[in-house]
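Here is the structure we will look at, set down as structure tokens.
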There are 2 protein chains.
Amino acid sequence: MYAVEELSKVLKVLGDSTRLTMLKQMEAGEQCACSFVDRFDISQPAISRHLKMLRQAGLLLERRDKQWIHYRLNETSPFYPLVTELLANLETVEPSCDCEPDCAM
Amino acid sequence: MYAVEELSKVLKVLGDSTRLTMLKQMEAGEQCACSFVDRFDISQPAISRHLKMLRQAGLLLERRDKQWIHYRLNETSPFYPLVTELLANLETVEPSCDCEPDCAM
DNA sequence: CTCTCATATAACAAAAAAGTTATATAACCT
DNA sequence: AGGTTATATAACTTTTTTGTTATATGAGAG
């Protein structure tokens, strides 16, 4: 059971096509931040801020590996069930992989 | 299956505590617009605009009865299943009924 | 026809969101 | 140490959202 303030805050974070696409991409597993920078037509700092919002909403966990940061869905978030269900009902977005060759995305 | 643009638009509309509370109230059945005006601490035009956003997202249907307009969840919306499930997982908000006595809410 | 009530729309102000460029931080590479 | 790459943060601008007050519309009541 979610409280109104809680849930509306999370839905607001989910209510953005860039962030929703990012999450859809992470549905498949951990994603390197660089893969988002490559995929979207916005600047790297903009990507970084979107990721921060998802992190601050508790939806993501990060893992540093060398100079790369990998993000994944936070399965322990109270909203994880909601997120996964939404993503399951979301059309697949074509994956992109213009990432650096040594980036272990 | 929802498209990203579609779903993110709907989630943005849902991502507001006033609108989410309105929907929760409509979960119980049709609600007179006046009941929202009474319940929330914002002006009548603000309420009207929130309702318009929900309507434009296809989530509501309206019915005019005399001078009152009654809103209800649109069961034929492709997002109706999503909405009902969200509402089912949303804590109840205490109902208010400071409405006009002859308002058939 | 005019008054009142419920609701919607218009015009505008304030606040929040989302983008940009410039710069900082952290890690790797030579 | 100094250069390069990945990511984050700061400062700022533009756009969007949300509210307000004033006004319009539509329906019932006298």
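All of these numbers come straight from a predicted model, not from anything done at the bench. Protein chains get the first letters and strands the later ones, always in sequence-line order, with residue 1 at the start of each.
- Between A:His50 and C:dG19 there is a side-chain N or O to OP1 or OP2 distance below 4.0 Å.
- Between the side chain of A:Asp16 and the backbone N or O of A:Arg19 there is at least one donor-acceptor pair closer than 3.5 Å.
- Rounded to a whole Å, the CD1 atom of B:Ile69 is 15 Å from the P atom of D:dT25.
- Using a 4.0 Å cut-off, some side-chain N or O of A:Ser43 falls inside it from OP1 or OP2 of C:dT20.
- In terms of phosphate contacts, B:Arg19 brings a side-chain nitrogen or oxygen within less than 4.0 Å of OP1 or OP2 of D:dT18.
- You'll find that the side chain of B:Cys32 is closest to C:dT7, out of D:dG19, C:dG19, C:dT7.
- When the options B:Glu30, B:Gln25, B:Met22 are evaluated for a side chain to side chain contact (heavy atoms under 4.5 Å, CB included) with B:Ser35, the one that passes is B:Gln25.
- In terms of phosphate contacts, B:Tyr71 brings no side-chain nitrogen or oxygen within less than 4.0 Å of OP1 or OP2 of C:dA6.
- D:dC12 atom P lies 15 Å from atom CZ of A:Arg49, rounded to whole Å.
- Between C:dA8 and B:Arg55, a contact under 4.0 Å exists linking OP1 or OP2 to a side-chain N or O.
- Ionic pairing of A:Glu27 and A:Lys24 is present here: one or more N-O contacts between side-chain nitrogen and carboxylate oxygen are shorter than 4.0 angstrom.
- Heavy-atom nearest nucleotides on DNA chain C were determined for A:Ile42 and for A:Lys12, and the one closer to the 5' end corresponds to A:Lys12.
- Going from atom NZ of B:Lys52 over to atom C1' of D:dT18 covers 14 Å, rounded to whole Å.
- For A:Tyr2, the ring-ring contact (aromatic ring centres under 6.0 Å, His included) partners are A:Phe79, not counting sequence neighbours.
- A residue-by-residue look at B:Glu62 and A:Ala46 shows that B:Glu62 has its nearest nucleotide of DNA chain C further toward the 5' end.
- Nucleotide D:dG19 holds its P atom 12 Å from the CG atom of B:Leu51, rounded to whole Å.
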Please produce a list of atom pairs where a protein N or O lies less than 3.5 Å from an N or O of nucleotides 22-30 of chain C.
none

